[in-house]
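In the text below, chain A, chain B and the rest are named by the order of the sequence lines, each starting its count at 1.
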4 protein chains.
Amino acid sequence: MSGTLNKVMLIGHLGDDVKMHYFEGGGCLGRFPIATNESYTNRQTGERVTNTEWHNVVVRNKGAEVCEKYLKKGDKIYVEGRLKTRQWQAEDGNTRYSTEIHVQDFTFLTPKNEHPGGYQGQQQSQPAQSDQQHRQSNQAIPQQPIGQQQDGDDLPF
Amino acid sequence: MSGTLNKVMLIGHLGDDVKMHYFEGGGCLGRFPIATNESYTNRQTGERVTNTEWHNVVVRNKGAEVCEKYLKKGDKIYVEGRLKTRQWQAEDGNTRYSTEIHVQDFTFLTPKNEHPGGYQGQQQSQPAQSDQQHRQSNQAIPQQPIGQQQDGDDLPF
Amino acid sequence: MSGTLNKVMLIGHLGDDVKMHYFEGGGCLGRFPIATNESYTNRQTGERVTNTEWHNVVVRNKGAEVCEKYLKKGDKIYVEGRLKTRQWQAEDGNTRYSTEIHVQDFTFLTPKNEHPGGYQGQQQSQPAQSDQQHRQSNQAIPQQPIGQQQDGDDLPF
Amino acid sequence: MSGTLNKVMLIGHLGDDVKMHYFEGGGCLGRFPIATNESYTNRQTGERVTNTEWHNVVVRNKGAEVCEKYLKKGDKIYVEGRLKTRQWQAEDGNTRYSTEIHVQDFTFLTPKNEHPGGYQGQQQSQPAQSDQQHRQSNQAIPQQPIGQQQDGDDLPF
DNA sequence: TTTT
DNA sequence: TTTT
């Protein structure tokens with residue numbers, strides 16, 4: 001089955017800090033809004049228009065913890081994920097919909113030059129975490145090692 | 001300004017035919033739903049689960065006309081565009097949101113072996129339109145030539 | 001580290017069957033060429049030009065086996081991966097380069113209506129494999145279960 | 001025709017300044033290398049490995065001029081484009097290949113806090129250019145207005 | 001040749 | 001609610 005693709009890629013700024021939710025089984029989930037901007041010149045009026053689009057980003061487990069630890073309101077991030085429209089019953093009995101981006105991968109784009117405890121970053125230094133750590137790929141259980149190896153098998157070619 | 005990215009890429013099947021809307025100035029707009037599927041095995045129960053996600057696709061002007069002409073319910077398509085969340089006032093006074101994919105580019109993935117007037121397609125032949133025609137790139141006024149040249153200038157390098 | 005992105009997405013047709021290579025440790029690797037097309041109208045001459053671009057695709061382990069089993073020359077596929085430029089010493093002593101797409105994910109786009117042993121596919125049915133099976137995500141050791149769960153944890157949100 | 005996709009998306013740092021080439025007809029072209037990084041832990045040895053991948057980026061006309069003006073070695077950029085493998089005859093008579101990324105869109109990711117003449121940027125300020133200007137979409141002739149409107153038509157939907 |  |  002399938003033969004389909006559902007992919008979203010965003011570069012934008014966090015409109016708020018990461019909000020965490022913890023579950024009984026040990027899982028967790030982080031949510032934050034990302035803003036993207038679009039600018040164009042109105043053909044009729046000639047005036048410059050800027051629109052901001054807001055995206056509801058959802059990240060799980062290990063990835064959520066990394067985001068909560070290193071991201072804050074205003075930071076720039078690249079996120080890649082899937083579109084998912086949740087629905088729920090509103091108090092008035094109507095069905096409501098909310099479209100979210102469920103993150104599969106992300107990378108931080110805001111240089112971190114200062115660290116609380118830490119090694120004064122030069123230039124564009126990133127948090128003290130590996131690519132491995134903040135590249136999350138659909139891992140479902142946080143207790144497990146992340147293990148989304150990228151060609152890490154040293155095959156001889 | 002900007003430094004942001006807002007990109008969606010989908011491969012899926014049309015859940016319905018293209019619905020057209022025509023505007024006074026000569027512009028038009030087509031809407032259709034696309035379904036994408038996701039399958040996974042539930043860890044607890046071991047059962048196979050398939051989820052279908054529905055996406056509201058919006059395409060404009062020349063691109064809308066091409067889609068209306070060549071696409072029908074059930075067809076497979078690749079679309080690329082931007083996420084846009086519209087809001088409106090519901091009858092109950094509440095603000096409602098609807099997230100749409102505003103198409104910037106698309107290509108048909110359903111082989112068309114039969115044509116009303118025409119040339120029996122070999123293998124995977126596409127509709128009688130060029131890549132130029134169905135590659136729309138943000139053109140705003142349908143009367144204009146589409147003209148989104150792709151390296152079509154024969155520069156000597 | 002990192003903060004970088006290296007992503008390629010292709011939809012195209014196989015120019016040849018999948019060529020497999022097996023390694024001692026149990027790993028394997030499949031290679032095949034994919035063609036993409038680009039069309040445009042030359043501005044000076046007004047003539048229609050079509051260019052074909054060839055891409056060297058490399059897929060590993062479980063994914064390679066799935067591709068070898070279900071793909072053949074002429075089939076259409078979506079592949080997603082990373083650009084990697086290999087270099088080697090040519091016989092003449094010069095360094096040569098070859099750029100490859102190392103696959104991280106793929107999905108088949110050619111409808112399979114007939115199967116050797118098999119269940120006549122309805123509509124657009126795909127090979128007898130799950131999304132799980134042909135969605136490979138960087139798994140390095142084929143003996144392992146693939147396990148790239150996509151939200152398969154039934155978290156209550 | 002077509003029904004294919006040829007897309008590359010990179011976030012990386014410039015390994016060198018933009019090299020410009022000007023043509024007789026008024027067109028121009030800029031070239032620069034982009035580095036992307038990949039990190040993983042070798043399974044056998046447990047050691048951390050970082051690989052750098054180099055990409056040959058080619059940007060045309062107006063986009064090239066914007067890049068030359070605002071980008072320098074070390075800057076971070078997002079580029080989106082198509083893979084294109086050039087071939088040429090080497091002196092030894094052999095055919096050589098070089099794979100390039102032909103840019104269709106880009107956005108700068110290095111904050112510009114200082115400007116030659118200018119307004120001291122706060123935080124993450126970008127160059128004095130609009131999204132319109134550095135979003136190039138296949139425009140072929142630089143004398144023309146760029147005009148890749150993004151929904152700039154104020155249609156009432 | 002970049003960056004962390 | 002971000003950023004430029």
Side-chain angles (χ1 to χ4, degrees), chain A residues 10-19 31-39 48-57 70-77 79 107-113 115 118-134, chain B residues 1-6 85, chain C residues 1-6 85, chain D residues 10-19 31-39 48-57 70-77 79 107-113 115 118-134:
Chain A
L10 303 174
I11 294 174
H13 294 90
L14 273 75
D16 200 355
D17 289 337
V18 180
K19 301 284 184 264
R31 293 178 178 278
F32 53 89
I34 287 182
T36 58
N37 304 301
E38 163 198 34
S39 294
R48 191 88 195 136
V49 183
T50 295
N51 288 326
T52 296
E53 201 63 33
W54 286 100
H55 310 273
N56 302 311
V57 175
Y70 294 105
L71 276 181
K72 64 175 197 306
K73 181 173 169 174
D75 281 353
K76 195 172 218 171
I77 191 174
V79 306
T107 200
F108 301 150
L109 296 175
T110 291
K112 301 290 183 189
N113 289 322
H115 280 277
Y119 56 99
Q120 199 70 12
Q122 336 77 307
Q123 285 290 87
Q124 297 257 356
S125 76
Q126 287 294 320
Q129 24 129 355
S130 66
D131 185 51
Q132 201 86 341
Q133 279 173 296
H134 69 261
Chain B
M1 235 242 303
S2 198
T4 66
L5 175 72
N6 176 354
T85 299
Chain C
M1 236 239 304
S2 197
T4 65
L5 176 71
N6 176 353
T85 298
Chain D
L10 303 174
I11 295 174
H13 294 90
L14 273 74
D16 202 354
D17 289 338
V18 180
K19 301 284 183 266
R31 293 179 178 278
F32 53 88
I34 287 183
T36 57
N37 304 301
E38 162 196 37
S39 295
R48 192 87 195 138
V49 183
T50 295
N51 288 327
T52 296
E53 200 65 32
W54 287 101
H55 310 272
N56 301 311
V57 175
Y70 294 106
L71 276 180
K72 64 174 198 307
K73 181 174 171 174
D75 281 353
K76 194 171 219 172
I77 191 175
V79 306
T107 199
F108 301 151
L109 297 176
T110 290
K112 301 290 183 190
N113 289 322
H115 280 278
Y119 56 99
Q120 199 69 14
Q122 335 78 304
Q123 282 291 89
Q124 297 257 357
S125 78
Q126 288 293 321
Q129 24 128 358
S130 66
D131 186 52
Q132 202 85 339
Q133 280 171 295
H134 69 261

Side-chain contact, heavy-atom cut-off 4.5 Å: D75(A) with K112(A)?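 Yes; the side chains approach each other to less than 4.5 Å.
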Which listed nucleotide ([options]) is nearest to the side chain of [X]?
| X | options | result |
| --- | --- | --- |
| K73(A) | dT2(F), dT3(E), dT1(E) | dT2(F) |
| T52(A) | dT1(E), dT2(F), dT1(F) | dT2(F) |
| P33(D) | dT3(E), dT3(F), dT1(E) | dT1(E) |

Between atom [atom1] in [X] and atom [atom2] in [N], what is the gap in whole Å?
| X | N | atom1 | atom2 | answer |
| --- | --- | --- | --- | --- |
| K76(D) | dT2(E) | NZ | P | 15 Å |
| D17(A) | dT2(F) | CG | P | 11 Å |
| L109(D) | dT3(F) | CG | C1' | 12 Å |
| N37(D) | dT3(E) | CG | P | 10 Å |
| N56(A) | dT2(F) | CG | C1' | 14 Å |
| L71(D) | dT2(E) | CG | P | 16 Å |
| F32(A) | dT2(F) | CZ | P | 16 Å |
| D75(A) | dT2(F) | CG | P | 13 Å |

_Counting distance alone, no hydrogens or angles: does the base of dT3(F) have a donor or acceptor under 3.5 Å from a partner atom on the side chain of T4(B)?_
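Answer is no: no donor-acceptor pair is held.
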Exercise for the section: Provide the closest heavy-atom pair for D16(D) versus F32(D) in the form atom of the first, atom of the second, distance. Expected result: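 Between these two residues, the closest heavy atoms are O-CB, 4.2 Å.
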Exercise for review: Using a heavy-atom cut-off of under 4.0 Å over every strand shown, decide if T36(A) touches base, sugar-phosphate, or nothing.
Suggested key: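 The answer is nothing, as T36(A) stays clear of every strand by at least 4.0 Å.
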State which residues pass salt bridge (Lys or Arg N to Asp or Glu O under 4.0 Å) with D17(A); sequence neighbours excluded, sorted by chain then number.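 Testing D17(A) for salt bridge (Lys or Arg N to Asp or Glu O under 4.0 Å), a comparison that skips the adjacent residues, returns none.
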If only atom types and distance count, is the side chain of T36(D) paired as donor or acceptor with the main-chain N or O of T4(C) below 3.5 Å?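 Checking the backbone N and O of T4(C) against the side chain of T36(D), no donor-acceptor pair under 3.5 Å is found.
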Going by side chain to side chain donor-acceptor pair (under 3.5 Å), name the residues that satisfy it together with N56(A), two or more places apart in sequence or in a different chain.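 Side chain to side chain donor-acceptor pair (under 3.5 Å) list for N56(A), sorted by chain: empty.
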Tell me whether the ring of W54(D) lies stacked over the dT2(E) base, given a 5.5 Å limit on centroids and a 30° limit on the plane angle.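 Stacking between W54(D) and dT2(E): absent.
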